[in-house]
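Accompanying notes for the structure given below.
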Number of protein chains: 2
Amino acid sequence: MESTSRIVQALGPLDEEVKLRCTVDCVIFGYDQEDLKVLTIECNMEPFRGMPSLLGDFVAQDEDADSAAKRILKYCTGNDEIYLEEVKCFSKPDRHPFGRVITIAYYSLVSIPQTILTDAAGKHLNWRSVDEITCMAFDHKEILDTCLKQLRHSLREKPIGFNLLPKKFSLKQLQTLYEVVLDIELDKRNFRRKLRSLNILIDLEEQQREVNHRPAKLYKFDDKSFEKKRSNGLKFEI
Amino acid sequence: MESTSRIVQALGPLDEEVKLRCTVDCVIFGYDQEDLKVLTIECNMEPFRGMPSLLGDFVAQDEDADSAAKRILKYCTGNDEIYLEEVKCFSKPDRHPFGRVITIAYYSLVSIPQTILTDAAGKHLNWRSVDEITCMAFDHKEILDTCLKQLRHSLREKPIGFNLLPKKFSLKQLQTLYEVVLDIELDKRNFRRKLRSLNILIDLEEQQREVNHRPAKLYKFDDKSFEKKRSNGLKFEI
DNA sequence: ATAGAAAGTGTTAAATTAACACTATCTTGT
DNA sequence: ACAAGATAGTGTTAATTTAACACTTTCTAT
């Protein structure tokens, strides 16, 4: 137990300790056409060349992990006002073939139709259906699975689903989103009553256009009002 | 945005990238005398010398972060069968005065009367009431606060409170634990009914000894039975 | 034997959740 | 302009869950 004898004791010069590199990996979930997708990039490193990989990068000298994750989002989408949640650190000593690299995994949520992938990144970026991904570079499939589990958990206890939809959405779209991501069925009337009672949607007094049936009313999420209600003890739960 | 242009591209030789050190810090929560405490060690590093610090250590070359956290628990208590939950990575570039150090924060749960602090560590280890800690070394107060918040959240949705009590406990002890940690009041009869209906306690057919009033019946947590029930959809919630 | 102290126990009202089917409003085609 | 097709939108009732509440039992100490 010699390696533990200096627990929390003075850090020596850098070279005496384990040096490792630290990355962040973002599971960027996107939603479109009633399907949950994840943004991948083609891996260009052996032995994983050609396989889909998550978007990641090193944590830079002057930034923390959150900033690194936001930087990746900005790089891919031009936007850094994106929902982001840290999930877990992946740190198996052999997880990266080129050396000791730990990674902090995040997931984020975007509406695909409202997201323009930047040109620079665009060439090798792909939205893939979460269901259809079987194999990824590194331990990225494990990271994806962990983040998906976390997303499903958070979706039920925090009002974050809106981030997967356009700013303006119908109640039907919202319900379908929950049904697709959580793989459950919801009762239309009960779902609508619940949303009404939470009072966190703003009726935009506007309707869908260009649908060939009765158009649905559009709403937006009232995040300020929700924050106020939450701090007064409102519990969101689907 | 030049630093993002190689997102997820080949890792160069180690020296070209940001080198940093990685630690784990454990918020070891202990419970005794109707009080939630945290295990601290006296910091021996300037400028924090003498201040209470969390238990932490470097992640070693051949271990992952979870193993490092378990190693710390084993070092302090001689036991590594302890409830442990990863919480968050703390990675501000200036969080450590001696260089770039990121840390993965964990919390764990023990019953203080059932925990013997090892001699080696014991000399500078202290159980401190969570309420009374105002100031800690490094960013450890922030880590503590974050872990406490996470503990409170998990305590309501997972049956982990038992880890803070002796193996054998009374229903009153369990209720008080929830009341103390969550800072709420619970109705005795409703609490007991809920526990009874969950069917996750084993009646030990044994009683408290050496109390000067009617002794309470003792129970233990039936973790195997709970796991079975959980996978069949049982939702624990206090 | 009695007093003190905490353990243990059930019922009822209120709130929440689950189940369920029809009418309204739009578009498109004739 | 009328009819058919498609999806939006709406309320009631029974079942379940939660919240509120007070007295009896069993032990110890004197």
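A note on names: the letters A, B, ... follow the listed sequences, proteins ahead of strands, and every chain is numbered from 1. Just so we're clear, the structure is a prediction, and the values are computed from it rather than from any experiment. These numbers come from the heavy atoms of this one structure, side chains and all, not from hydrogens, waters or symmetry mates.
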So A:Lys141 and A:Asp139, salt bridge (charged side-chain N to carboxylate O under 4.0 Å, His left out) or not? Walk me through it. CA-CA 6 Å; A:Lys141 182 60 164 61; A:Asp139 54 358; over 6 Å; no
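For the pair B:Lys172 NZ and D:dT26 C1', the computed distance is 17 Å after rounding to whole Å. Look at CG on B:Asp203: it is 16 Å from P on C:dA7, rounded to the nearest Å. Remark: P of C:dA6 and CD of B:Gln207 are 17 Å apart, rounded to the nearest angstrom. Following rounding to the nearest Å, A:Tyr219 (OH) and D:dA8 (P) show an atom-to-atom distance of 12 Å. Nucleotide C:dT9 holds its P atom 14 Å from the CG atom of B:Asn190, rounded to whole Å. For A:Phe191 and D:dA8, the CZ to C1' distance is 14 Å, given to the nearest whole Å. Look at NE2 on A:His213: it is 12 Å from C1' on C:dT28, rounded to the nearest Å. Computed from coordinates, the B:Gln208 CD to C:dA6 P distance equals 11 Å when rounded to whole Å.
Salt-bridge check for A:Arg230 with A:Glu227: passed, with a basic side-chain N closer than 4.0 Å to an acidic carboxylate O.
A residue-by-residue look at B:Leu218 and A:Lys194 shows that B:Leu218 has its nearest nucleotide of DNA chain C further toward the 5' end. In this structure, B:Asp187 and B:Ser170 both approach DNA chain C, and ranking their closest nucleotides by distance from the 5' end singles out B:Ser170.
Contact of B:Arg214 with C:dA6 (side chain to base): no donor-acceptor pair of N or O atoms is detected under 3.5 Å. Side-chain N/O atoms of B:Asn212 and base N/O atoms of C:dA6 include no donor-acceptor pair closer than 3.5 Å. Interface remark: the A:Arg189 side chain does not form any donor-acceptor pair with the D:dA8 base, using a distance-only criterion of under 3.5 Å. Counting atom types as modelled, A:Lys188 pairs a side-chain N or O with a base atom of D:dG9 as donor and acceptor under 3.5 Å.
Counting only heavy atoms from C-beta on, B:Pro215 has its side chain closest to D:dC27 among C:dC26, D:dC27, D:dG9. Candidate nucleotides D:dA19, D:dA8, D:dT10 were compared by shortest atom distance to the side chain of B:Arg193, and D:dA19 ranks first.
Environment of CG in B:Leu204: crowded, with over 12 heavy atoms of neighbouring residues, nucleotides or ligands closer than 6.0 Å.
Applying the 4.0 Å criterion to OP1 and OP2 of C:dG8, one finds that B:Arg192 has a side-chain N or O inside that range.
At distances below 3.5 Å, not a single donor-acceptor pair connects side-chain atoms of A:His124 with backbone N or O atoms of A:Ile41.
Counting only N and O atoms by type, the side chains of B:Ser108 and B:Glu85 include no donor and acceptor under 3.5 Å apart.
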